[in-house]
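Remarks on the structure that follows.
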Amino acid sequence: MGGEMRRIILLSSVIFLFNKLSAYKYEVPKPVIVKDKFYFREVSFITNSRITKSPYYGTQIGVTQYDWFANNDIGKLIQCWGDTMHVTWMWYDGASRSMRYNFFDGTSWKFGTGDTGGVNVDTCYNGYGTIDLLSSGLDYICRHRNALSKIGVAQDSLIGEGNFKIVDIDYPILDTAIWPRMAIGYNDRIHIIGRSPNTDIVYYSFSSDSGKTFSPWVIVDTSDLAENSIAAAKNSPKVCFVTRKNNIAYYHESNDNGVTWGPKINLNDYLPEGYTNVYLNIQPFYDKDNNLHIVFAAYDVNGENSPAICHYSPINTPKVSIIAVAEDSLPSGVSCGANHLFVDRPSIGQDTVTGYLYCIFVSFRYDDYDVSTDVARGELFSAVSKDSGKTWLCEQNLTNTLGEDERYPSLAPQVINGVGSILYEVDLQAGSAVIGQGSYTTNPVVVWQKQLNIYNDAKTKEILLPLSLIHISEPTRLGMNSYAVFCLKK
């Protein structure tokens, strides 16, 4: 055995032993919910100077002071159509709040960039929306309006025009519904799911006439903490919505465009060994072959295993695979902020060329936290699957920005030849001012088109980085429990 090989084995053994000795019990934060206020409150603001690079990764297409994008899965805030992009986010200036819209026409952002980028979707106080497109490419934004406590759909007059007509959905009987999620699927049927702010009831409505009218709300399930999301296949009448109750995640699937729903499936039944519960941020998705995929964060209620980002698909065996596992713990007294695990907020998309699945998620740094709030700063990570989610490769830190907090990533469903379009927020003070973690700041909203593919050429699968005799990757994270990967050339 050569000297180099002995050194590799010795180093691997040391790393393995060090990781075992560094084991810790992970404490899962108790989820909270922000119940929308029907009044304005006075807020304080602070100004943060840039700590790291300038500009941000990607293009700043607007700002927000509302650093709580969602109680749960944020859904899709970005959609691609050829060379164009449609984006939406929850804008707030301390008094007014609205879903905001911007459009990239293939050359430039129509409604500007920087602090003034974007146009408001509505004139009333509204938020918690998502965006999707008709088969023609016309953009629709779903959101709820506080003044009326109604869910409605904002329909653009022309593709990328930014001139929206509002169609509200009538109240459920003796109740109301907010926190909507929307998916536009087969035959341009618009599917909406929402939850009562007064009870745990989950409601469903649809439109079969491009949003001119909507069906009456029907009760389809119950959930905690507004944890509900929905996805629809584009070329099949399949629809799926997810809910979560008492730390158990469920999904229902329809094979007839939401007319009827199949049995309630318990995702917790398929969790990998060592994991007991599903946390927030459950996102369903249909690939181009109409196969269902669900990404979510899972944890061990006993705290023996680190939280993980997981993937579920009924076509796989086993049905759940692990995308990434948290590798670090936080210093005493430091948290990731409310409704966040050490790894969380997964968002999934598929390459239109290769068919590979990509997942973007947040992982928090043990070595970088905001001393004013004792909240860790997040980084954007990615991973790729070449086999419909059975296995996941090439977990990588996309940002690696000490002193910068990247949160709430939304990956466009359409990854194009390895290039993913990602919308995310840069929170200038880690933690959410909306729930009292620090002060309000004017936070950049950024869109980043990032090469996620690990190959030079999708057809030949030529590896991007040529290997030396022994190639050692960079550490996965700058943390106590980091690890490196050793590759031997054949």
Side-chain angles (χ1 to χ4, degrees), residues 72-73 75 130 172-173 175 177 179-187 189-196 199-208 214-273 275-299 301 310-322 346 348 357 388-390:
N72 54 4
D73 169 48
T130 56
I173 298 175
D175 202 356
W179 300 307
R181 291 293 176 264
M182 175 183 70
I184 301 178
Y186 187 64
N187 287 339
R189 192 178 180 103
I190 302 173
H191 306 270
I192 307 283
I193 196 166
R195 182 184 178 273
S196 168
T199 68
D200 59 0
I201 293 174
V202 176
Y203 293 100
Y204 168 77
S205 177
F206 69 87
S207 172
S208 56
F214 283 86
S215 67
W217 292 106
V218 295
I219 298 173
V220 289
D221 205 350
T222 59
S223 73
D224 295 332
L225 299 166
E227 183 62 48
N228 43 266
S229 197
I230 194 165
K234 294 294 186 181
N235 54 359
S236 153
K238 289 185 175 182
V239 188
C240 171
F241 71 85
V242 296
T243 59
R244 178 179 175 272
K245 183 84 170 178
N246 299 325
N247 300 314
I248 301 173
Y250 303 95
Y251 78 88
H252 297 255
E253 192 171 25
S254 171
N255 291 313
D256 54 13
N257 239 353
V259 176
T260 61
W261 297 94
K264 187 174 182 176
I265 305 298
N266 184 334
L267 281 177
N268 288 43
D269 288 343
Y270 302 99
L271 290 179
E273 184 179 357
Y275 292 90
T276 58
N277 292 352
V278 174
Y279 200 58
L280 311 174
N281 322 316
I282 311 162
Q283 185 171 108
F285 173 78
Y286 281 99
D287 64 26
K288 61 184 181 181
D289 296 320
N290 309 313
N291 295 313
L292 175 64
H293 305 269
I294 303 174
V295 289
F296 56 91
Y299 66 94
V301 72
C310 296
H311 166 272
Y312 167 91
S313 180
I315 67 171
N316 291 343
T317 303
K319 290 180 170 59
V320 172
S321 57
I322 292 179
I348 187 172
L357 296 175
S388 295
K390 295 183 182 70

Side chain of Ser313, backbone of Leu292: donor and acceptor closer than 3.5 Å?
yes
Side-chain (Asp287) to main-chain (Asp289) donor-acceptor, under 3.5 angstrom:
yes
Residues two or more places apart in sequence or in another chain: which of them pass ring pair (Phe, Tyr, Trp, His ring centres under 6.0 Å) with Tyr312?
Tyr251, Tyr270
Taking all atoms of both residues into account, what is the closest heavy-atom pair of Arg181 and Thr130, and its distance?
CD-CG2, 3.5 Å
Euclidean distance, Arg189 CZ relative to Ser215 OG, rounded to 0.5 Å
7.5 Å
Among Gln283, His252, His191, find the residue that satisfies the side chain to side chain contact (heavy atoms under 4.5 Å, CB included) test when tested with Ile230.
His191
Is a donor on one side and an acceptor on the other found under 3.5 Å between the side chain of Asn316 and the backbone of Ser388?
yes
Rounding to 0.5 Å, atoms CD (Glu227) and OH (Tyr279) come to a distance of 10.0 Å
Which one of Ile294, Leu357, Asn291 satisfies the side chain to side chain contact (heavy atoms under 4.5 Å, CB included) criterion with Phe285?
Leu357
Rounded to the nearest 0.5 Å, the NZ atom of Lys238 sits from the CG atom of Asn290 at a distance of 6.0 Å
Taking every heavy atom of Ala298 against every heavy atom of Cys310, the minimum-distance pair comes out as CB-SG, 3.9 Å
Would you please test Tyr203 and Val220 for side-chain contact (heavy atoms from CB on, under 4.5 Å) and show each step?
CA-CA 6 Å; Tyr203 293 100; Val220 289; over 6 Å; no
Calculate, to the nearest 0.5 Å, the distance between atoms CH2 and CG belonging to Trp261 and Asp221 respectively.
11.0 Å
Return yes if some donor-acceptor pair links the side-chain N/O of Arg244 with the main-chain N/O of Val278 below 3.5 Å, else return no.
yes
Taking Ser223 for its side chain and Asn228 for its backbone only, find out whether a donor-acceptor pair lies under 3.5 Å.
no
Distance in Å, Ile193 CD1 paired with Tyr204 OH, rounded so as to fall on 0.5 Å steps:
9.0 Å
Yes or no on side-chain contact (heavy atoms from CB on, under 4.5 Å) for Ile192 and Trp217, after CA distance, side-chain angles and deciding distance?
CA-CA 9 Å; Ile192 307 283; Trp217 292 106; 3.7 Å; yes
Between Asn268 and Ala249 (side chain of the first, backbone of the second, donor and acceptor by atom type, cut-off under 3.5 Å), is there such a pair?
yes
For His293, enumerate each residue passing the ring pair (Phe, Tyr, Trp, His ring centres under 6.0 Å) test, keeping only those at least two apart in sequence or located in another chain.
His311
All heavy atoms of Val202 vs all of Thr222, minimum pair found to be CG2-C, 3.9 Å
Separation between OG of Ser236 and OH of Tyr186, rounded to the nearest 0.5 Å
7.5 Å
Stepwise side-chain contact (heavy atoms from CB on, under 4.5 Å) test for Tyr250 and Leu267
CA-CA 6 Å; Tyr250 303 95; Leu267 281 177; over 6 Å; no
Side-chain donor/acceptor of Ser229 to backbone N/O of Val242, under 3.5 Å
no
